[in-house]
J.: 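Have a look at this one before I ask anything.
Just so it is clear, the structure is predicted and the values come from calculations on it, not from any experiment. Each residue takes its place number in the sequence, starting with 1. Basis for what follows: all heavy atoms, side chains included, without hydrogens, waters or symmetry-related copies.
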Amino acid sequence: MRVLVTGGAGFIGSHIVTALIAAGHEPVVLDCLLPGAHPVAPEPPAVEFLHADVRDATAVAAALHGVDAVCHQAAMVGLGKDFADTPAYVGCNDLGTAVLLARMAEAGVRRLVLAGSMVVYGEGRYACPRHGLVRPGPRRPDDLAAGRFEPRCPACASDLVPGLVDEDAPADPRNVYAATKLTQEHLTAAWARATGGTAVSLRYHNVYGPGMPRDTPYAGVASLFRSALARGDAPRVFEDGGQRRDFVHVRDVAAANVLALESTDRLPAGALAVYNAGSGDPHTVGEMATALARASGGPEPSVTGEFRLGDVRHITADSSRLRRDLGWRPEVGFAEGMAEFARAEQRASARTEQHASARTE
């Protein structure tokens, strides 16, 4: 297949390009290389490359010429600095997706894989000993300030037991980024129904690995910890470090994208299939920081008790549907992956104030 990879020069996108080539496909990269994501221009990919913004309808139409499928990775990611980032998130993630889908409809391209995100769920799955499965609301600022980080049962205030969230859980986006990622899925579903196209959304969990950008509030926590250790500083762990996440290696995520692209022709016309993409091996943020620190020989993490409103406490994936339907199996274990990441090169990043613009995932 000839596959257009939007954001294909970015962290996840570049690994997808490598995986597509290895699988015998022909990737074409579209990336605007904004300074917020690429302060140092990368070497052009060893494939056809178009230096353009996904919001540029004329450029997207040209990029789609002769394309069989699209792998849409271009997005502004993370929580950002504050609510002032909202127009940039909506413009890049939602307007960009709308432009892409409109041009795909015109070009007759009917196969799409979307970079989704687990953030659409909000908090993860919780059970109360008395009331069974419950959905706690947002954590209260006074609880967080007092060091009470665990969500409580909305009916009896009991401690809750976290579990794995599956794709049938209701969406509950808790921040602007999460809202834009859910909107991307809704736009994709509307495109599929209107055109008879087929689409897969891979809801990434916490992706990490070689080539992550460094020193930016728009990167994931793994990148921030790795950047601190590279400077000789202790990783700063918010809350008490007990937040549970599913850290999944970028090569495994790239492999999932290839499988998803190859599966789109087996879906019913007009369908959007949604899959969690996680390792299935949850760990706490504190465990991840400790693993990186020890693998790099750096200082032990500092648990600060700080918090950010909008962060969720526990969110871990049930990825059994992806394994069952597409035969995907993550190959990089937590210990192996963190040891590699502790020594891997990171991408240069722009200064914090340069980041109020769209970047690639």
Side-chain angles (χ1 to χ4, degrees), residues 6-7 12-13 54-55 70-80 82-83 85-102 104 112-126 135-139 151 164-195 197-207 218 220 245-246 248 253 256-257 260 264 267 270-278 308-319 321-322 358-361:
T6 69
I12 298 175
V54 73
R55 291 166 287 189
V70 173
C71 186
H72 184 30
Q73 304 296 310
M76 187 173 179
V77 302
L79 287 180
D82 53 42
F83 203 78
D85 281 341
T86 300
Y89 275 102
V90 174
C92 183
N93 297 2
D94 297 338
L95 176 60
T97 299
V99 170
L100 173 66
L101 293 171
M104 288 176 64
L112 173 70
V113 172
L114 172 69
S117 175
M118 54 82 180
V119 296
V120 301
Y121 298 117
E123 286 284 357
R125 182 181 186 272
Y126 292 90
R135 292 189 59 79
R139 294 181 293 170
L164 300 181
V165 62
D166 65 22
E167 294 89 347
D168 296 325
D172 184 18
R174 299 287 178 91
N175 54 59
V176 171
Y177 171 61
T180 66
K181 297 306 287 184
L182 184 58
T183 299
Q184 284 185 309
E185 289 191 354
H186 289 322
L187 290 169
T188 298
W191 163 83
R193 287 191 295 270
T195 65
T198 56
V200 172
S201 178
L202 295 173
R203 289 177 174 171
Y204 301 158
H205 281 248
N206 291 71
V207 185
Y218 296 85
R245 298 289 187 270
D246 187 320
V248 59
V253 167
N257 273 270
T264 51
L267 293 172
L272 167 64
V274 175
Y275 295 105
N276 287 331
R308 294 191 304 181
L309 293 176
D311 278 356
V312 298
R313 179 62 175 175
H314 304 297
I315 177 69
T316 53
D318 178 353
S319 299
R321 182 181 295 180
L322 181 58
R359 52 152 292 187
T360 52
E361 236 175 274

J.: Which distance, rounded to the nearest 0.5 Å, do you find between the CG of N175 and the CZ of F83?
T.: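 Spacing of CG (N175) from CZ (F83) equals 10.0 Å.
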
J.: Compare every heavy atom of L267 with every heavy atom of A271, then report the nearest pair and how far apart it is.
T.: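 Heavy atoms of A271 and L267 come nearest at CB-CB, 4.4 Å.
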
J.: Compare every heavy atom of N276 with every heavy atom of Y121, then report the nearest pair and how far apart it is.
T.: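 Closest pair (atom of Y121, atom of N276, distance): OH-OD1, 2.7 Å.
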
J.: Is C92 close to R55 at the side-chain level, that is, under 4.5 Å between some pair of heavy atoms?
T.: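 A side-chain contact exists here, since the closest heavy-atom pair is under 4.5 Å.
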
J.: Any side-chain heavy-atom pair from T188 and L101 closer than 4.5 angstrom?
T.: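 T188 vs L101: side chains touch.
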
J.: Do you know the tightest heavy-atom contact between R321 and V274?
T.: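 That closest heavy-atom pairing would be NH1-O, 3.6 Å.
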
J.: Between atom CG of L164 and atom CG of D318, what is the distance when rounded to the nearest 0.5 Å?
T.: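 Interatomic distance, L164 CG to D318 CG, rounded to 0.5 Å: 5.5 Å.
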
J.: In the structure I gave you, are the side-chain heavy atoms of Q184 and L187 within less than 4.5 Å of one another anywhere?
T.: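 No - every pair of side-chain heavy atoms lies 4.5 Å or more apart.
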
J.: Could you check whether any side-chain heavy atom of N93 comes within less than 4.5 Å of a side-chain heavy atom of Y177, counting everything from C-beta outward?
T.: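 N93 reaches Y177 side chain to side chain.
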
J.: Check the pair E185, L114 against side chain to side chain contact (heavy atoms under 4.5 Å, CB included), reporting the backbone distance first and the verdict last.
T.: CA-CA 8 Å; E185 289 191 354; L114 172 69; 3.9 Å; yes

J.: Check this for me: does any side-chain nitrogen of one of D172 and R135 sit under 4.0 Å from a carboxylate oxygen of the other?
T.: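 Yes, this pair counts.
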
J.: With the side chain counted from C-beta on, respond yes when R174 and L309 share a heavy-atom pair under 4.5 Å apart, and no when they do not.
T.: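 They are not in contact (no side-chain heavy atoms under 4.5 Å apart), so the answer is no.
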
J.: Please round to the nearest 0.5 Å and tell me the distance separating atom NE2 of H186 and atom OG of S201.
T.: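 H186 NE2 to S201 OG: 11.0 Å, rounded to 0.5 Å.
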
J.: To the nearest 0.5 angstrom, please state how far the NZ atom of K181 sits from the CE atom of M76.
T.: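 Nearest 0.5 Å value for the NZ-CE distance: 12.5 Å.
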
J.: Go through V54 and V99 one step at a time and tell me if the side chain to side chain contact (heavy atoms under 4.5 Å, CB included) criterion holds.
T.: CA-CA 7 Å; V54 73; V99 170; over 6 Å; no

J.: If you define the side chain from C-beta out and look only at heavy atoms, does anything of V200 sit under 4.5 Å from L272?
T.: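 In short, these two side chains do not touch, never coming nearer than 4.5 Å.
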
J.: Report yes if some heavy atom in the side chain of I12 is under 4.5 Å from a heavy atom in the side chain of V207; otherwise report no.
T.: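 A side-chain contact exists here, since the closest heavy-atom pair is under 4.5 Å.
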
J.: With no hydrogens and no angle check, do the side chains of Q73 and T6 hold a donor and an acceptor under 3.5 Å apart?
T.: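 Absent: no donor and acceptor within the cut-off.
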
J.: For D246 and Y204, which I'm curious about, is there any donor-acceptor pair between the side chains at under 3.5 Å?
T.: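 There is no such pair between these side chains.
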
J.: Measure across L112 and H72 and return the closest heavy-atom pair with its distance rounded to 0.1 Å.
T.: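 Minimum heavy-atom contact is CD1-CB, 4.0 Å.
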
J.: So, for P173 and A179, which heavy atoms are closest and what is the spacing to 0.1 Å?
T.: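 Closest approach of P173 to A179, heavy atoms only: CB-N, 3.7 Å.
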
J.: Would you say the side chain of Y126 lies within less than 4.5 Å of the side chain of P136, judging by non-hydrogen atoms?
T.: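 They are in contact (side-chain heavy atoms under 4.5 Å apart), so the answer is yes.
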
J.: Can you check whether A317's main-chain N or O pairs, donor with acceptor, with R125's side chain at less than 3.5 Å?
T.: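 No, R125 side chain to A317 backbone: no donor-acceptor pair under 3.5 Å.
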
J.: Less than 4.0 Å between a side-chain N and a carboxylate O, is that true for D166 and R203?
T.: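 No, this pair does not count.
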
J.: Could you go through V70 and L100, starting from their C-alpha distance and side-chain angles, then the distance that decides it, and tell me whether this counts as side chain to side chain contact (heavy atoms under 4.5 Å, CB included)?
T.: CA-CA 9 Å; V70 173; L100 173 66; 4.0 Å; yes

J.: Within this structure, what is the CG-OG distance for the pair N206 and S117, rounded to the nearest 0.5 Å?
T.: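 These two atoms lie 8.5 Å from each other.
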
J.: Can you see whether T316 engages H205 through a side-chain donor-acceptor pair at a distance of less than 3.5 angstrom?
T.: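 Side-chain D/A pair, T316 to H205: absent.
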
J.: Output the distance between atom CG (L202) and atom CG (N257), rounded to the nearest 0.5 Å.
T.: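 So the CG of L202 and the CG of N257 are separated by 5.0 Å.
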
J.: Of the non-hydrogen atoms in G270 and T198, which two are nearest, and what is the gap between them?
T.: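 Closest approach of G270 to T198, heavy atoms only: N-CG2, 4.5 Å.
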
